[in-house]
There are 2 protein chains.
Amino acid sequence: MQQNIFRKFLEDRGWRLTKQRNAILQKAFSCKGHFDPESLYMEMRKKGMKASRASVYRTLNLLCECGLVGKVSKTEHGTIYEHTLGSHHDHMVCTDCGEIIEFYSESLEKLQEEICREMDFEGKSHILEIRGHCRHCRMKKNVLGGESSNG
Amino acid sequence: MQQNIFRKFLEDRGWRLTKQRNAILQKAFSCKGHFDPESLYMEMRKKGMKASRASVYRTLNLLCECGLVGKVSKTEHGTIYEHTLGSHHDHMVCTDCGEIIEFYSESLEKLQEEICREMDFEGKSHILEIRGHCRHCRMKKNVLGGESSNG
DNA sequence: ATAATTGCAAAATATTTGCCTACTT
DNA sequence: AAGTAGGCAAATATTTTGCAATTAT
């Protein structure tokens, strides 16, 4: 469980799992998908959990260091995070509506390992983001454009 | 040639290919690999080409809009760009020394297309970044760690 | 007591924008 | 003359940091 992992990470260096750190951890893991520091901070305030912005940023950095949380990408609106318990996956991003779709392909993982071997590079992790248009937005466009959907 | 593409892009909207815009364009395309706005700006100053930071940012945005230049990623040190004439490729990033290695795999491209088909997603582009350790840094570590290289 | 932690506000960093001047046509 | 472009400095947004007060062991 994530709390124990984090506690161990902290105790190994003589640090403490404080109320704030734990609250931030819980909140991060309560997000189904992706989150950014500011939203996490605001959500916490709404729920009455008190932690400062500084603590949110500081704790997210700790969570990254210990691997429980990873940076997905940096955007105009700040860094996007996700928690990393659960299986690895990649992302498709719809550039129309912004939806982020997770997917996983064993062949893709295997192929990347093979490419790393060929290039003599020790791959540790990867971020793949396929950008394009989701079905929903494509359908919307077809309706507007009047394209027929069956032959 | 990139200058004509950019000129056309600008003239189509009644804008001009000015000395500064051209200088920034040339500088961007003179970078073999990746660059960031600040370095580009500093390099330009060194070479005596005069353009303000604001113009660099403004022009890079224009170059992105017209597709001559693309954002590779956002890092702690700002946005990394590359010019997009020449072939598509992906990146391996060494987390030890920061080196960025370009690679291309036809199979990988094909496989991604297939995945998109399966997921009913219209993929337009992608960014793949494999993070890990380059050969050089691995060798350095082995020397330090005293690990033998043949059994 | 000691050392870690917090929250705040200030600082740092990257980027955008407002405004006024200077070109270009 | 009209509109575009440039440069500067101020504004913005995100994230980090210094510091004094607080907390846990």
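Numbers restart at 1 for each chain; the letters A, B, ... are given by sequence-line order, proteins then strands. Values below: all heavy atoms of this structure, side chains included; hydrogens, waters and symmetry mates excluded.
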**Prompt:** How large an angle, rounded to 10°, do the end axes of the helix from C:dA1-D:dT25 to C:dT25-D:dA1 enclose when each is built from five base pairs?
**Reply:**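 The helix from C:dA1-D:dT25 to C:dT25-D:dA1 shows an end-to-end axis angle of 20°.
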
If we ignore hydrogens and angles and just use 3.5 Å, is the side chain of [X] paired with the main-chain N or O of [Y] as donor and acceptor?
X: A:T84; Y: A:G67; value: yes
X: A:H89; Y: A:I101; value: no
X: B:S39; Y: B:F35; value: no

**Prompt:** Nucleotide by nucleotide, 5' to 3', does protein get under 4.0 Å of the base (B), only the sugar-phosphate (S), or neither (-) in nucleotides 18-25 of chain D, counting heavy atoms?
**Reply:** B----BB-

**Message:** Counting only heavy atoms and a strict 4.0 angstrom limit, can you tell me which residues of residues 43-50 of chain B come near DNA chain C?
**Reply:**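 Hits under 4.0 Å, by residue number: none.
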
Which residues pass the salt bridge (Lys or Arg N to Asp or Glu O under 4.0 Å) test with [X], sequence neighbours left out?
X: A:R53; result: A:E38
X: B:K8; result: B:D12
X: B:E129; result: B:R131
X: B:R117; result: none

**Request:** Would you grab the first and last nucleotide of DNA chain C (5' to 3') that comes under 4.0 Å of any non-hydrogen atom in chain B?
**Result:**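 Result: C:dA14 to C:dT24.
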
**Fill in**
With sequence neighbours left out, the residues meeting ring pair (Phe, Tyr, Trp, His ring centres under 6.0 Å) with B:F121 are none

**Request:** Report the residues that fulfil side chain to side chain contact (heavy atoms under 4.5 Å, CB included) with A:R135, sequence neighbours left out, ordered by chain and then residue number.
**Result:** A:R138, A:M139, B:D120

**Asked** Between B:S55 and D:dG7, does any side-chain N or O lie under 4.0 Å from OP1 or OP2?
**Response** yes

**Request:** Using only side-chain N and O atoms of A:Y57, determine if any of them is under 4.0 Å from OP1 or OP2 of D:dT16.
**Result:** no

**Asked** In the hydrophobic cluster built from side-chain contacts under 4.5 Å, what are the other members alongside B:Y57?
**Response**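 ILVMFWY cluster around B:Y57 holds nothing else.
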
Do any side-chain atoms of residues 107-114 of chain A form donor-acceptor pairs under 3.5 angstrom with protein atoms, and if so which ones, sequence neighbours left out?
residue, atom, partner, partner atom, Å
A:E109, OE2, A:H88, NE2, 3.1
A:K110, NZ, A:E106, OE2, 3.3
A:Q112, OE1, A:H126, ND1, 3.0

**Request:** Return yes if a side-chain donor-acceptor contact under 3.5 Å exists between B:Q26 and B:N22, otherwise no.
**Result:** yes

